[in-house]
Amino acid sequence: MDHPKKHVENLRKTVSHHQYRYYVLDDPEISDAEFDSLFRRLQSLEEQYPDLIDENSPTVRVGGGIAARFEKVRHQVPVLSLANAFGEEDLHRWRDRLLRLLPEEEHARLSYVVEPKFDGLTVVLQFENGRFSLGATRGDGEVGENITPNLRTVHQLPLQIPVSQNGSHPEEQPPRRLVVRGEVYVEEEDFQQFNQAQVEKGERTYANPRNFAAGSLRLLDSGISAERPLKLWTYHIVAQDEVEDTAISHWDALNRLRSWGFPVCEESRRFKDNEWEELIKFVSSWHELRARLPYDLDGMVVKVDLLAQQDQLGFTGKDPRWAVAFKTGGEEATTKLLDIGVKVGRTGAITPNATLAPVPIGGVTVQAATLHNADYIEELDIRIGDVVLVKRAGDVIPKVLRPLKELRDGSELPYRMPTHCPSCSELLVRPPEEVATYCVNNACPDQLVRKVEHFVSKSAMDIVGLGTKQAELFVDDGYVHTLADIYKLPWDRIEETEGYGEKRVENLRRAVEESKTQGPTRLLTALGIRFVGSVVAELVMEYFDSLNSLMDADLETLSDIEGVGPKIAEAIASYFALGPNRALVQAFADQGVELAMPNLDREEDAATLLFAGKTFVITGTLPTMSRAEAKTHIESMGGKVTGSVSSRTDFLLAGEKAGSKLTKAQQLGVQVLSEQELLQGDAVLE
Ligand code: IVH
C-alpha cells in the first residue's frame, strides 16, 4: 500500500466528525459499532506508521502520557472574574450603572444576553490555525497551569476547527489565532455513579460534581482523566486575530463558536433593554432551568450584548462592568436533624423531609429541608439525631448536604422509608431505574392538594384566596376530584362551612371566575407537566394559537421550537397522549376557561405583516446582513426563525457556503431565498 498519509487524514476527519455528532450535537449519524471500527482502524494505522502520529488526532481522547507536574502558563489576556448580583435589586442597580456610563445615544442599542452560569472549572483554550494548541486552568487569572493533554480527552472539545468536513457544519472559517473560554463540568448522574463505584471499591469519593471535575482535570495521568465523564461548555471568545471578521455582538460570537463545532449551551436568551422586565423574570426563574438540566448551575450570567459597548464599559478591578453573575445567595449552616417525615408531591413522588432544630441561614430561620430520596439518605448515611450541614440557596427548598459523622454519640437512628402512602395508604412503588418512590393512586388526596396548590399559584392561574388550607378542605370534602372541579365548586355549600362568610366566599368565587381568562400560557403552566414552568410555557405558546392545537402537535413540531429540547418535547407529547389529560383540558373548556391565545394581534398581524405564520431557517453567510440582523428583520415582519430545516419550514434564507441545511431544504422542497429576495418581501409570498 502507498504511504497512507491521505487515508489517515481522511479517517481523522471522519472520526472527528462523528465524535462531534455524538458528543456535541447528541445526534449520531452512525452506529456505535461502526464508529468503533473506524476508530480502531485509525488507531492501528497510527501504530503502524508512527511518523503520522499527530497530537491532535481524535485518538488522543483516550489519554496517555503521565506528566511529572503541570507547567505554568501566563495568560495572554487576564482571565477575569465576575461581580455578583444577589437578587433583583442588585440587577436593577447594575443596569442603572450601565445607563449612567453609556452615552445617551447608545441606550437604544442596548441589549443583553443571559446564559447559565456553569458550576465547573474555568478553562482557557488556544487554537492556532484551527488546531487546539494549548489549554490552561484559570489559576490566579494571570498565570494558570498547562493541562493540554487532559483537555484533549474531553470529547466536546474540538481538536481541529471547523470540526465537520462534509459541509454540514463550517459556515465560517476560523481565525488564525483564537482563544476561547469555557467551563469543564460533570453531570450530576455521572458524578453519583462515579462516587458509588468508588464506595464499592473502597476508594475516595468527591464532595460534589465541581470538585470531581476539578480533580479529574488536574490528574497527572491523562489516561485516568480520559476515563472521567468530563464535559465542556464554551461561552466566550477571549481573543481572535482577524479584526475585520470580529463578531459585533456576544450573541454572534456564540453562534460563531457553534458554527466552528464548539459546544455552546442552547439555553441562552437575548433581551433588548426595553424587555428588561422579561429578562428579570427569566433570570429569576433560573431554579426552574437548573431543575431540568442534568448538570449544576450556580446562577445566571447577564452580559451586555454589543462588543463595542462592552469595550466602552471596561472593567473595575478583576470584573468586567458589562457582565454580572446573578445568584440567590446560597449559604450553609449546621443544625440537629430532629426527625424525618415524607411528603407526597403532585406527581405522586414521595420525598423524605428533615425536621430541623431551627437555624438562621442567610437571614431566614430554617426548620425543614429536603432529603431528596431514599438512596440519598442511605448513601450519605443520614440518621435521625445527626448534626447535619444544611444549604439554603435563595428561595429553593433548603437541603441537607451531609451528616457530621464525627459528632455522633451512638444515639442516632437509621431511617427506613415507609412502604405505604401516608396519605391514601396505597402500596408505594419504585419504578426500575428511578431513585424516587411513587404513590400511583390517581385519587390520592395529598397528590391532588399539591396539584391544586400548583394550579392556583402566582405564575399559574393566580387564584388569590385559594391556599393550601382551602385546597385541603375542598379535596377532603369531595368537591375536587380533578383540577377542572375548581370551576365547579358548590359555593352555597361552601358558604355554610364554618368560617366561610359570605364575603370571603364571594371573593374566592370571583377570583376563580376571573382566572378563566388567564389564557392558555398560564393554563399550560398550571397543568404541571414535567419541565414545563412559566418560561417554557411562554416559549411553547408562542407557536400555537390555542391549547387545543398544542395538544395535537407531534413530537417533531414540539422539538423544533426554539428553547425546547427533546426532554421537554417528549414530556409535553406524552402528557397529551393520555386520555384523562385530554379530557381534563376539555373539561376546562366546558367550564369556559379560555384555551385560545388572544387573537386580536394575530388577525392584525396576518393582515399587515408579510411573514406572519411563516417559519424561516437561516444558513450561510449573507451578502450584507448578519444572521442576527436577518432574524430581527424576519421577526419584525411577523415570521419565526428556527434552527433546523424540517417539513414545517417555509423558507430557507441561504447565503454563501450554505451547507447541509441547503441540501435538506432542497430534498424537502422548501423554498430557498436569497437575502435580496427576502428584502423584496413580496416575492416571498407568491
Ligand atoms: S463570563 C469576562 N459566562 O463563573 C468573562 N462566566 O464567578 C467573564 N462561569 O470565572 C466570564 N459560566 O468561570 C461567564 N456563562 C458564563 C459562565 C461563567 C460559568 C464562571 C467563569 C467565571 C466564574 C465567575
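Note that ligands are numbered from 1 as they come in the structure, with each ligand's atoms numbered from 1 the same way. Quantities reported herein were computed from a predicted structural model and do not represent experimental measurements.
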Would you say Pro116 contacts ligand 1, with heavy atoms under 4.0 Å as the rule? yes

Taking 4.0 angstrom as the limit and counting only heavy atoms of Thr122, give me the atoms of ligand 1 inside it, by number and element. 10 (O), 13 (O), 21 (C)

Could you walk me through whether Tyr206 and Asn195 pass the side chain to side chain donor-acceptor pair (under 3.5 Å) check? CA-CA 7 Å; Tyr206 288 90; Asn195 263 1; over 6 Å; no

Does CD belonging to Glu71 count more than 12 external heavy atoms closer than 6.0 Å? no

Those atoms of ligand 1 less than 4.0 Å from some heavy atom in Val301: 3 (N), 15 (N), 16 (C), 17 (C)

Out of curiosity, Phe70 CZ to Lys72 NZ, how far, rounded to the nearest 0.5 Å? 10.0 Å

Decide if atom CD of Glu105 counts as having more than 12 heavy atoms of other residues, nucleotides or ligands within a radius under 6.0 Å. yes

Quick check, are the ring centers of Phe127 and Phe262 under 6.0 angstrom apart? yes

Atom 7 (O) of ligand 1 sits nearest the protein heavy atom Lys117 NZ, 2.9 Å

How far is atom 20 (C) of ligand 1 from its nearest protein heavy atom, and which residue and atom name does that atom have? Glu183 OE1, 3.7 Å

In terms of the angle between their ring planes, are Trp322 and His236 parallel, tilted or perpendicular, with boundaries placed at 30° and 60°? parallel

Side chain to side chain contact (heavy atoms under 4.5 Å, CB included) between Trp260 and Leu178, worked out: CA-CA 11 Å; Trp260 290 328; Leu178 174 71; 3.8 Å; yes

So which heavy atom in the protein is nearest atom 1 (S) of ligand 1, and how far is it from that ligand atom? Lys303 NZ, 3.4 Å

What is the nearest protein non-hydrogen atom to atom 12 (N) of ligand 1, stated with its residue, atom name and distance? Phe118 N, 3.0 Å

Any N or O of Leu82 closer than 3.5 Å to N or O of ligand 1: no

When distances are taken from atom 2 (C) of ligand 1, the protein heavy atom at minimum range is Trp322 CH2, 3.6 Å

Residue, atom and distance of the protein heavy atom nearest atom 9 (N) of ligand 1 read Tyr235 OH, 3.7 Å

Output yes when Asp90 and Arg93 qualify as a salt bridge under the 4.0 Å nitrogen-oxygen rule, no when they do not. yes

Ignoring hydrogens, just give me the one of Glu115, Lys327, His236, Arg181 whose non-hydrogen atom is nearest atom 11 (C) of ligand 1. Arg181

